Amino acid sequence: MSKKNIGSTIGVLAAVTIGASAYASTINNLDKEDQSKKVLENNVSYIEKEYASKVNSVKKDYSNEVSNTKFAEKTETKKDAKLSKTRNLADPTLFESSSEDAIVKAIDEKIQENKEEDQNQNTVEQVIEQSPVVQKFVAVESLNVRSSKNDQENNVIDVLNKNTKVSGQVEDGWLKTDKGYIKLDFLSDQAVEDTNQEDILAQEEARKAEEAKKAEEARKAEEAKKAEEARKAEEAKKAEEARKAEEAKKAEEARKAEEAKKAQASQATSYTGWVNVSALNVRSGAGTGSSIVGSLSTGDKVSGTLQNGWLKISYNGQVAYISANYLSNREVKKPVVEKKQENNTPAKQENTVQSQAYTGWVNTAALNVRSGASTSYSIIGSYTMGDKVSGQLANGWLKVNYNGRSGYISANLLSSKEVAKPQQVVENNRTNNNQTAQQTSAQRPQASASGQAAANIARQFVGYPYVWGGTSPSGFDCSGLVYYAYKQIGVNLNRNSAAQFSNGYSVGINNLKPGDLVFFNQSGSIDHVGMIVDYNGNYVHAVSPGVGVQIGNIYNSWSQRVFAGARRIF
């Protein structure tokens, strides 16, 4: 072999030796790093493909000629030094201790061993990844095949019939097949035997019988329900009939009692009683159509002949009549009037016989003006709180000029100091409220004696109880209070609020005075009434049970919302 060939051979062997060394090093570190396998495969592949085939062809020539070269005797050049540094591959002792055949054989065996190991690893991984294929049968009449492992309606891709055989792998309660996913709950390990025709008919008959049974039960339940409803309706009907019968019985008893009362009243009998209202008209005849000749006040004792609901008495030396409906069989105490203790007040001078000039202010809501210096005289008008009055004071009565005629007012209800008038209540929602209020105050009309008298009577019952259908001081409803007040001055009004709306004549809301009736619509028709008691829009009305008789104002928000109109009787 030539020196050139020997050099080439040495290079090849050096590369083989380097590859073997790298292989040995890689083998030692296989368990330490994941990168080692790749390095080993690259090195082995390199040796196997490029140099392993040459080793066999040159190893004999190398053995024969390496000893005859001068390689061992040469002084090391830079290239040789590098080669020597790389594990002295040219050293004959290397090959004596480990021949190239052994190296090549070891490499071949390791390559084969790695291939077998890789094949075994791949086989294990495939076995782990794949579950066994199982065979099942459709156990229901029809079964959906779905594109994914869920029960959504939009993923059905096929439908299988009963006993269709399917194969696949089990995944999360589903069978994965070539066609798609099938729910395991509807599969069986064996084909399902078909029920014979007789069994099918029997099952169908049983199903129909069950349905018929349920329908019959539902029918009976419905009939029982209707029967119960009919029973309750019959009971309600009987209860209503019993209630009407009871009402008719009470009405008949009341009628008989009224007839007995009238029969008794028609007989003239002696009677003594006490006035139980603040003012009771004394009339010239036994009827409200007779003229008023005077009045009596609370606690006055009267005696006379009682007939047909009227007591015939002697009044100021003449025959007169008063309504027995406002008399009590028991003594009624006269109201106590607190006397004023202020300096120069009329209370301290009420026993003075000589009259003297006096100016004062009304300090009560309403003060009657009478035709004489006594409560037995008729009422000709009234003043309201804050009104300034002047006249001649004598014996507790102030003689005044009232609408061009002489009148008398009680000095006990006057103050020597100015009394402020009640603040006028006017809502913002009233059109041009300020201007209208000023005009109304400046142009307010004088109340008629009868209207003011009715207002004074109605006002005294503030705080009294509300009684449905009531027309007496024991209790009033709204129309009953108005009816009662006007009846005291001899005026008969209709009994309920809707009917009273036809009494008198219409007046505007900006021209109201005491005695006017104000009507309200809360439910679609006239259903409430009150009576104006002053020029500020205040009215008295029986509100409801638990509230009783109270003062309202026609200009507040509630009154404005349901106001239906106003009527004047005089």
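Quantities reported herein were computed from a predicted structural model and do not represent experimental measurements. Residue numbers count from 1 along this sequence.
With rounding to the nearest 0.5 angstrom, the CD1 atom of Ile532 is 8.0 Å from the CG atom of Asn553. A distance of 5.5 Å separates CG in Asp516 from CG in Leu512, rounded to the nearest 0.5 Å. In this structure, OG1 in Thr288 is found 4.0 Å from CG in Asn492, a value given to the nearest 0.5 Å. With rounding to the nearest 0.5 angstrom, the CD atom of Gln560 is 4.5 Å from the CD1 atom of Ile509. Atoms CD and CZ, on Gln522 and Arg561 in that order, are 9.0 Å from each other to the nearest 0.5 Å. Separating the CD1 atom in Ile409 from the CH2 atom in Trp397 is a distance of 9.0 Å, to the nearest 0.5 Å.
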Derivation of the side-chain contact (heavy atoms from CB on, under 4.5 Å) call for Val275 and Val332 = CA-CA 7 Å; Val275 177; Val332 176; over 6 Å; no

Hey, mind stepping through Val302 and Leu327 against side-chain contact (heavy atoms from CB on, under 4.5 Å) and telling me if it holds?
-> CA-CA 9 Å; Val302 289; Leu327 299 177; 3.8 Å; yes

Tell me, with the steps shown, if Ile569 and Leu493 meet side-chain contact (heavy atoms from CB on, under 4.5 Å).
-> CA-CA 9 Å; Ile569 305 304; Leu493 299 179; 3.9 Å; yes

Lys513 vs Tyr535, side-chain contact (heavy atoms from CB on, under 4.5 Å): CA-CA, chis, key distance, verdict | CA-CA 6 Å; Lys513 67 178 184 179; Tyr535 293 100; 3.6 Å; yes

Walk me through it: do Tyr466 and Phe476 pass the test ring-ring contact (aromatic ring centres under 6.0 Å, His included)?
-> CA-CA 5 Å; Tyr466 178 100; Phe476 298 98; 9.8 Å; no

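Between Tyr358 and Leu398 there is a side-chain heavy-atom pair separated by less than 4.5 Å. The closest side-chain heavy-atom distance from Ile554 to Phe563 is below 4.5 Å. No side-chain heavy atom of Val540 sits less than 4.5 Å from a side-chain heavy atom of Gln550. In this structure, Tyr181 and Asn144 have side chains that are not in contact, with every pair of non-hydrogen atoms separated by 4.5 Å or more. When side chains are defined from C-beta on, Val518 does not count as touching Val529, because their heavy atoms never get closer than 4.5 Å. Side chains of Arg146 and Asn150 form no contact here, defined as non-hydrogen atoms less than 4.5 Å apart. Contact check for Val159 versus Ser142: side-chain heavy atoms found under the 4.5 Å cut-off. Within the 4.5 Å cutoff, side-chain heavy atoms of Ile322 are placed close to those of Leu296.
Of the candidates Lys220, Lys225, Arg219, Glu223 forms a side-chain hydrogen bond (donor to acceptor under 3.5 Å, both in side chains) with just one, namely Arg219. Among the candidates Glu331, Lys333, Arg330, the single residue satisfying the side chain to side chain contact (heavy atoms under 4.5 Å, CB included) test with Trp274 is Glu331.
Remark: Tyr539 engages Phe520, His541 in a ring-ring contact (aromatic ring centres under 6.0 Å, His included) (not counting sequence neighbours). For Tyr464, the ring-ring contact (aromatic ring centres under 6.0 Å, His included) criterion is met by Phe461, not counting sequence neighbours. Phe519 meets the ring-ring contact (aromatic ring centres under 6.0 Å, His included) test with Phe501; sequence neighbours excluded.
Of the possible polar contacts, none joining the Asn276 side chain to the Gly299 backbone as a donor-acceptor pair under 3.5 Å is found. With Asn494 contributing its side chain and Ala499 its backbone, the two residues share a donor-acceptor pair below 3.5 Å. With hydrogens and angles ignored, the 3.5 Å screen pairs a side-chain donor or acceptor of Tyr486 with a backbone N or O of Gly515. When atom types are taken as modelled, the side chain of Arg283 and the backbone of Tyr321 share no donor-acceptor pair closer than 3.5 angstrom. Proximity of a side-chain donor or acceptor of Asp534 to a complementary backbone N or O of Asn536 within less than 3.5 Å is detected. For the pair Arg568 (side chain) and Val507 (backbone), a donor-acceptor distance under 3.5 Å is absent.
Asn496 and Gln500 share no donor-acceptor pair across their side chains, judged by distance under 3.5 Å alone. Checking Tyr326 against Gln488 by side-chain atom types alone, a donor-acceptor pair falls below 3.5 Å. Checked by atom type, the side-chain pair Ser148/Asn155 shows a donor-acceptor distance below 3.5 Å. Residues Arg495 and Ser479 have side chains that bring a donor and an acceptor to within less than 3.5 angstrom of each other. A donor-acceptor pair shorter than 3.5 Å can be found between the side chains of Tyr271 and Asn329. With hydrogens and angles left out, the side-chain atoms of Asp527 and Ser497 include no donor and acceptor closer than 3.5 Å.
A pairwise comparison of heavy atoms in Ala485 and Met531 identifies CB-CE, 3.9 Å as the closest pair. Considering all non-hydrogen atoms of both residues, Ser284 and Ser290 come closest at OG-CB, 3.6 Å. Among all heavy-atom pairs drawn from Ile457 and Gln460, the shortest one is O-CG, 2.9 Å. Contact record, Ala320 with Val282: CB-CG1, 3.3 Å, taken as the closest heavy-atom pair. Minimum heavy-atom separation, Ser415 to Val419: CB-CG2, 3.9 Å. In terms of heavy atoms, Gln392 sits closest to Ala357 at OE1-N, 3.6 Å.
In this structure, Lys149 places its NZ atom where more than 12 heavy-atom neighbours from other residues, nucleotides or ligands lie under 6.0 Å away. Residue-environment remark: CH2 (Trp468) stays at or below the threshold of 12 foreign heavy atoms within 6.0 Å.
Aromatic pair Tyr377/Tyr408: centroids not less than 6.0 angstrom apart.
A salt bridge links Asp151 with Lys183: the distance from a Lys NZ or Arg NE/NH1/NH2 to an Asp or Glu carboxylate oxygen falls below 4.0 Å.
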